[in-house]
Amino acid sequence: MANVAIEEHLIVSELAVTPRSQDFSAWYNEIVVKAELVDNPERTPVRGCMIIKPYGYELWEAVKSGLDQRFKATGHVNAYFPVFIPMSFLQKEAEHVEGFAPELAVVTHGGGKELEEPYVIRPTSETIIGDAMSRWIQSYRDLPLLLNQWANVVRWEKRTRPFLRTSEFLWQEGHTAHATYDEAQAEAMQMLDIYADFAINEAAIPVIKGQKSNQERFAGALASYTIEAMMGDGKALQAGTSHNLGQNFAKAFDISYTDINNELQYCWTTSWGVSTRMIGAIIMAHGDDQGLRLPPRLAPIQVVMIPIYKNDDQKAEVLAVVETIGRQLQGAGIRFHVDRRESVSPGFKYNDWEMRGVPLRIEIGPKDVEKGSAALARRDIPGRDGKQFVDQAVVIDKVNETLTAIQSNLLQQATEFRDARRHEVVGDYQRFSEIIRGGEWALTWFSGSAEAEARVKEDIQAVSRCFPLEQPHPGETGPCIVTGEPTDRMAYFARAY
RNA sequence: CGGGGUGUGGCGCAGUUGGCUAGCGCGCUGCGUUUGGGACGCAGAGGUCCCCGGUUCGAGUCCGGGCACCCCGACCA
């Protein structure tokens, strides 16, 4: 018996991905390649960079589209700034250059000549956009200035993983300028809300909105805010950030305006970003042993149709039904694909599309032709339980209904998973450590000091993720988990990506 | 940047103490049979064994040097 079990295991591992439950990291590395989100990183000619394949890029386009609509709806406009930034620009904001110096890629030559001033390949664009803003803004009538840019950025990383940390990645960076602190702060919070709304309602990932500790703050910001998500292994992932930059960049780049009293004032600026890391979040929040599970609202293919037949007569009948349903799906605006491959069996196709995370599968075979039915199989409910047979006449209604159900089920599953793994702990450092070592989240009173944070990092390789905006005990104080001193805010701690 | 490891058809690997024609599985191409949960048969194609140098009658194998990549630890959307 034992030998049979081992052989079965070997067969499975040859055919499919390493089960997520067995080795989360290996599962992730394999699934991004096998689901064709990226080219095999080991064969990508540039170290630490990724080739995003069409299926992965379509997923990114869906993310882009969902975010871009939200940005436009709140009055932001897109623009584009150079990928090269004069080195001197970065040096104008002391904390900023210090934060980014270790991971800069620098261009020293162009057109065969050494450049007078080296260019940095943008790691982020606060400086070059700040420089433009200083020229564009003169009057309070020019404010607020609400810009966004979709771009690639480069940060030289020592250890990289597809989507989670790569030397080059795609993102959007919003950059805004305002007349007052309050307006900038409101903007930073508004964008955080937009990110949270996107994560929850499009990506089906529950997130916690919070503020970063000073140690985890963006280099050059007054305050940094984050949406934190829990991955399938319990680790935390920052899925988006928003910064109130205060007047730090305004002063460094002379972004100033004349107010209504004809007095010169510095602007208050913000920046905010979501990157291709969001793809990593979607993979790790929803995936299972069979592969990806994509939320219907973002899935490049929402429905895959598998025709099944034994001979040419059946093929003709089956494909006629497939065409009919296909036209209906198209009319309903549903993204679908018909798997017409002749060289692989239906069973292979089931597994193949499950690995790619397609939310819903429709099987049409001779029996369905005969009965006027169609088989619908949900990706989020494995096996027979997820399969239903519906009348062809109502298939579109059923598809719409089921896609909606899958979307909300993914969110519900992720929420229940997370809520079972976050724990409030007061004054018990031992238990605090055990929670984090056990791969779960601890919510505890925290002073936020550099010393306290360093101690936690030293002890248990974890840092604070955020002070949640929604505090569980507002107005109260409690003992800092590290120092014991009374403090008025609680923070989440967890191991993180 | 410190420690460990690996470079052999597209992918995963075998090739032990040198030996002749470099092999296996998967994938790929063609034909046929199959097709409701990862099909099968037959016939094919595909290799400067990471690079450079050395030892030898003979090097994928031994020696020297180089390069690349992967994994594990300190910094990061």
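Chain letters run A, B, ... following the sequence lines, proteins first, then strands; residues in each count from 1.
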Distance between the [atom1] atoms of [N] and [M], in whole angstroms?
| N | M | atom1 | answer |
| --- | --- | --- | --- |
| B:U48 | B:A43 | C1' | 29 Å |
| B:C49 | B:C20 | P | 16 Å |
| B:G19 | B:G66 | C1' | 29 Å |
| B:U8 | B:G44 | C1' | 22 Å |
| B:U61 | B:U16 | C1' | 10 Å |
| B:G10 | B:U29 | P | 15 Å |
| B:A45 | B:C1 | P | 47 Å |
| B:G5 | B:G9 | C1' | 24 Å |

Geometric cation-pi criterion, A:Arg155 with A:Trp171: 6.0 Å, 45°: yes

Looking only at the side chain of [X] (C-beta and beyond, no hydrogens), which of the listed nucleotides [options] gets closest?
| X | options | result |
| --- | --- | --- |
| A:Glu354 | B:G37, B:G36, B:U35 | B:G37 |
| A:Ile308 | B:G36, B:A77, B:G37 | B:G36 |
| A:Lys367 | B:U35, B:G36, B:A74 | B:G36 |

Pairs where residues 56-69 of chain A contributes a residue and the test salt bridge (Lys or Arg N to Asp or Glu O under 4.0 Å) is met, not counting sequence neighbours: A:Asp68-A:Lys72

Rounded interatomic separation in angstrom, taking [atom1] from [X] and [atom2] from [N]:
| X | N | atom1 | atom2 | result |
| --- | --- | --- | --- | --- |
| A:Ile364 | B:G37 | CD1 | P | 15 Å |
| A:Arg378 | B:G37 | CZ | C1' | 19 Å |
| A:Lys158 | B:G2 | NZ | P | 11 Å |
| A:Glu458 | B:A74 | CD | C1' | 11 Å |
| A:Asn311 | B:G36 | CG | P | 14 Å |
| A:Arg361 | B:G38 | CZ | P | 12 Å |
| A:Arg356 | B:G38 | CZ | C1' | 13 Å |
| A:Asp312 | B:U34 | CG | P | 11 Å |

Just checking [X]: base, sugar-phosphate only, or nothing, at a heavy-atom cut-off of under 4.0 Å?
| X | answer |
| --- | --- |
| A:Tyr309 | base |
| A:Pro366 | base |
| A:Gly273 | nothing |
| A:Thr166 | base |
| A:Lys387 | base |
| A:Ala375 | base |

Do the side chains of [X] and [Y] get close enough for a salt bridge, i.e. N-O under 4.0 angstrom?
| X | Y | answer |
| --- | --- | --- |
| A:Asp193 | A:Lys209 | yes |
| A:Glu458 | A:Arg455 | no |
| A:Glu126 | A:Lys92 | no |
| A:Arg361 | A:Asp339 | no |

Using a 3.5 Å limit on both pairing distances, list the dot-bracket string of RNA chain B from the 5' end; Watson-Crick and G-U wobble pairs count, crossing pairs take [ ], interstrand pairs take |. (((((((..((((.....[...)))).((((((.....)))))).....(((((..]....))))))))))))....

Using the rule for Phe, Tyr, His and the six-membered ring of Trp, do A:Phe169 and B:A77 stack at under 5.5 Å and under 30°? yes

Polar pair under 3.5 Å, donor/acceptor by atom type, side chain A:Arg384, base B:G37: no

I need the full list of side chain to side chain donor-acceptor pair (under 3.5 Å) pairs touching residues 302-312 of chain A, with sequence neighbours left out, sorted by first then second residue. A:Tyr309-A:Glu342

For A:Phe432, all residues meeting ring-ring contact (aromatic ring centres under 6.0 Å, His included), sequence neighbours excluded: A:Tyr429, A:Phe493

Taking the nucleotide of RNA chain B with the nearest heavy atom to each, does A:Thr241 or A:Val369 sit closer to the 5' end? A:Val369

By nearest heavy atom, map A:Phe389 and A:Val274 onto RNA chain B; which one lands nearer the 5' end? A:Phe389

Applying ring-ring contact (aromatic ring centres under 6.0 Å, His included) as the test, list every pair that has at least one member in residues 448-467 of chain A; sequence neighbours left out. A:Phe446-A:Phe467

If you compare every side-chain N and O of [X] against the phosphate oxygens of [N] (OP1, OP2), does one of them come in below 4.0 Å?
| X | N | answer |
| --- | --- | --- |
| A:Arg159 | B:G73 | yes |
| A:Arg47 | B:C70 | yes |
| A:Lys310 | B:G36 | no |

Contact residues, residues 340-353 of chain A to RNA chain B [heavy atom, < 4.0 Å]: A:Ser345, A:Pro346, A:Gly347, A:Phe348, A:Tyr350, A:Asn351, A:Asp352

Just one of A:Leu410, A:Leu298, A:Leu292 clears the side chain to side chain contact (heavy atoms under 4.5 Å, CB included) bar with A:Ile282, so which one? A:Leu298

Hey, could you give me the CH2/CZ distance between A:Trp353 and A:Arg379, rounded to the nearest 0.5 Å? 13.0 Å

I'd like to know if the side chain of A:Glu453 and the backbone of A:Ser464 have a donor-acceptor N/O pair within less than 3.5 Å. yes

